[in-house]
Asks: 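This structure is in structure tokens; I'll ask about it shortly.
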Amino acid sequence: MPELPEVESTRRYLEPVLVGARISNVEVRRDRMVRRQENPADFGARLGDRRVLALERIGKFMLARLEGDITWVTHLGMSGRLQVADSGRAEDPHTNVVVELKNGPQIRFVDPRTFGFMVAYTPAELEQSSLAGLGRDALDDLPRSPELAQMLERRSAPIKALLLDQRLIAGLGNIYADEVLHRAAISPLRPGGSLSLDEVKSLRASIRPILRAGLAAGGTSLNDLAYLLPDGRAGGYLARLEVYGRTGEICRRCGTSIEAVVLRGRTTHWCPGCQL
DNA sequence: ACCTCCCTGGCC
DNA sequence: GGCCAGGGAGGT
């Protein structure tokens, strides 16, 4: 599932392909994919014939900066992936958007469940969009422990829910939030405000190593293979997961059976033996 | 601060 | 044939 490591793996793969390239043509096969565009026709019109200047990422959002102050935003949702493919190659099912590069390959947005989207923003629109409300990036701009402690202060919501709140820290999703809490040995059910400063430090110290490990593996491709790298390879972090998807299996740290609870509608995996 | 909805393939 | 996966937006 695309969270920060998957989006960043995708971004790193695409960067040399996209930066400097000129977009020649855009085909939107499913209008729903550009639902964030106020006027759907703007999407193709704003991308067309523009060069890509830079490829950035904030949290789970990928941002291509184009000539003329246009920002082409991609969110992979939960089943989206970007492919680099030559125009002659047969399209995979659920190829919902195709962006052609001049004298280059196509960027194909494959997304069966269509929770992902693409949108082309002007600077004013970008300012008004939900990206403006994103918190600091969990990998590149992680707040220091005192600031993190301040964010959690007096919060009664479970720490797991707060880690998923993109307005606080941007980039963690369900898999890596569970993995971070396991590494920090903190129960996902603990109210955010109940963490001691030492626990906040432990939590903070767990975030980047988990994300970097996921990134080094090319992300997490689950057995459904919904997420794949742009060249079709699977990310290898699945085998390294300590709690996510391991309900009933044995915690490698303490031997206790991993449990799952539903928290805010999200399945949360944790070890009741060593996460306190 | 919480709940509901969106969407589809895969699995029981 | 029904349920599950879940990020983000919108509503109460």
Side-chain angles (χ1 to χ4, degrees), chain A residues 1-8 10 28-38 40 57-63 73-82 91-97 109-119 121 125-126 128-135 137-138 151-180 188-194 211 214 219-228 234-235 237-238 241 243-248 260-270:
Chain A
M1 171 201 339
E3 303 177 23
L4 189 152
E6 291 74 33
V7 178
E8 179 64 10
T10 300
V28 178
R29 307 276 169 71
R30 283 197 68 164
D31 291 341
R32 178 174 150 77
M33 300 308 288
V34 294
R35 62 193 176 279
R36 302 266 282 251
Q37 196 82 55
E38 202 171 332
R57 180 192 56 75
I58 307 175
K60 306 174 198 173
F61 292 77
M62 201 167 72
L63 294 80
V73 176
T74 300
H75 195 295
L76 297 177
M78 67 165 290
S79 61
R81 65 180 192 268
L82 293 175
E91 285 182 10
D92 283 4
H94 308 290
T95 298
N96 297 336
V97 182
F109 191 6
V110 178
D111 186 6
R113 291 179 217 175
T114 69
F115 276 34
F117 57 86
M118 283 183 168
V119 58
Y121 282 134
E125 289 169 347
L126 185 61
Q128 295 298 311
S129 77
S130 62
L131 276 83
L134 285 177
D137 186 79
M151 290 179 185
L152 302 179
E153 217 176 10
R154 283 187 295 277
R155 297 292 298 260
S156 59
I159 184 63
K160 164 72 183 287
L162 296 173
L163 286 180
L164 291 177
D165 187 341
Q166 304 297 299
R167 295 167 301 186
L168 299 182
I169 299 174
L172 293 175
N174 206 36
I175 295 176
Y176 294 98
D178 283 357
E179 295 299 308
V180 163
L189 307 172
R190 291 271 303 280
S194 76
L211 293 175
T220 304
S221 294
L222 300 178
N223 293 327
D224 64 4
L225 297 183
Y227 162 75
L228 297 169
Y237 199 63
L238 176 64
L241 296 174
V243 285
Y244 183 88
R246 296 192 68 234
T247 310
V261 292
V262 175
L263 204 62
R264 301 281 204 278
R266 300 284 178 264
T267 305
T268 293
H269 312 75
W270 65 297

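Scope of the values below: all heavy atoms of this structure, side chains included, with no hydrogens, waters or symmetry mates. Numbered from 1 within each chain, the chains take letters A, B, ... in sequence-line order.
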Asks: Restricting to side chain to side chain donor-acceptor pair (under 3.5 Å), what partner residues turn up for Arg113(A), sequence neighbours left out?
Replies: none
Asks: Applying side chain to side chain donor-acceptor pair (under 3.5 Å), name anything that partners Asp31(A), two or more places apart in sequence or on another chain.
Replies: none
Asks: List, with names and distances, any nitrogen or oxygen atoms from the protein found under 3.5 Å away from nitrogen or oxygen atoms belonging to nucleotides 9-12 of chain B.
Replies:
unit_1: dG9(B); atom_1: OP1; unit_2: His94(A); atom_2: NE2; d: 3.1

Asks: Among residues at least two apart in sequence or on other chains, which ones pass side chain to side chain donor-acceptor pair (under 3.5 Å) with Thr267(A)?
Replies: none
Asks: Considering residues at least two apart in sequence or located in another chain, which fulfil the side chain to side chain donor-acceptor pair (under 3.5 Å) criterion with Thr95(A)?
Replies: none
Asks: So how far off straight is the helix from dA1(B)-dT12(C) to dC12(B)-dG1(C), going by the axes through five pairs at either end, to 10°?
Replies: 50°
Asks: Where the side chain of Arg155(A) is concerned, which of dC7(B), dA1(B), dG6(C) is the nearest nucleotide?
Replies: dA1(B)
Asks: Check ring pair (Phe, Tyr, Trp, His ring centres under 6.0 Å) between Tyr176(A) and all other residues, then give those that pass, not counting sequence neighbours.
Replies: Tyr237(A)
Asks: Pull out every protein N or O sitting under 3.5 Å from an N or O of nucleotides 2-4 of chain C, one pair per line with the distance.
Replies:
none

Asks: Taking any heavy-atom pair under 4.0 Å as a contact, classify Arg167(A): base, sugar-phosphate, or nothing.
Replies: nothing
Asks: Taking only residues two or more places apart in sequence or in another chain, which ones pass side chain to side chain contact (heavy atoms under 4.5 Å, CB included) with Arg246(A)?
Replies: Glu249(A), Arg252(A), Ile258(A)
Asks: Please encode protein proximity along nucleotides 7-12 of chain C as a string of B, S and -, counting only heavy-atom distances under 4.0 Å.
Replies: BBS---
Asks: Taking side chain to side chain contact (heavy atoms under 4.5 Å, CB included) as the test, write out the residues that go with Pro112(A), two or more places apart.
Replies: Ser79(A), His94(A)
Asks: Who pairs with Phe61(A) by ring pair (Phe, Tyr, Trp, His ring centres under 6.0 Å), at least two apart in sequence or on another chain?
Replies: His75(A)
Asks: Does a side-chain N-to-carboxylate-O contact under 4.0 Å join Arg264(A) and Asp165(A)?
Replies: no
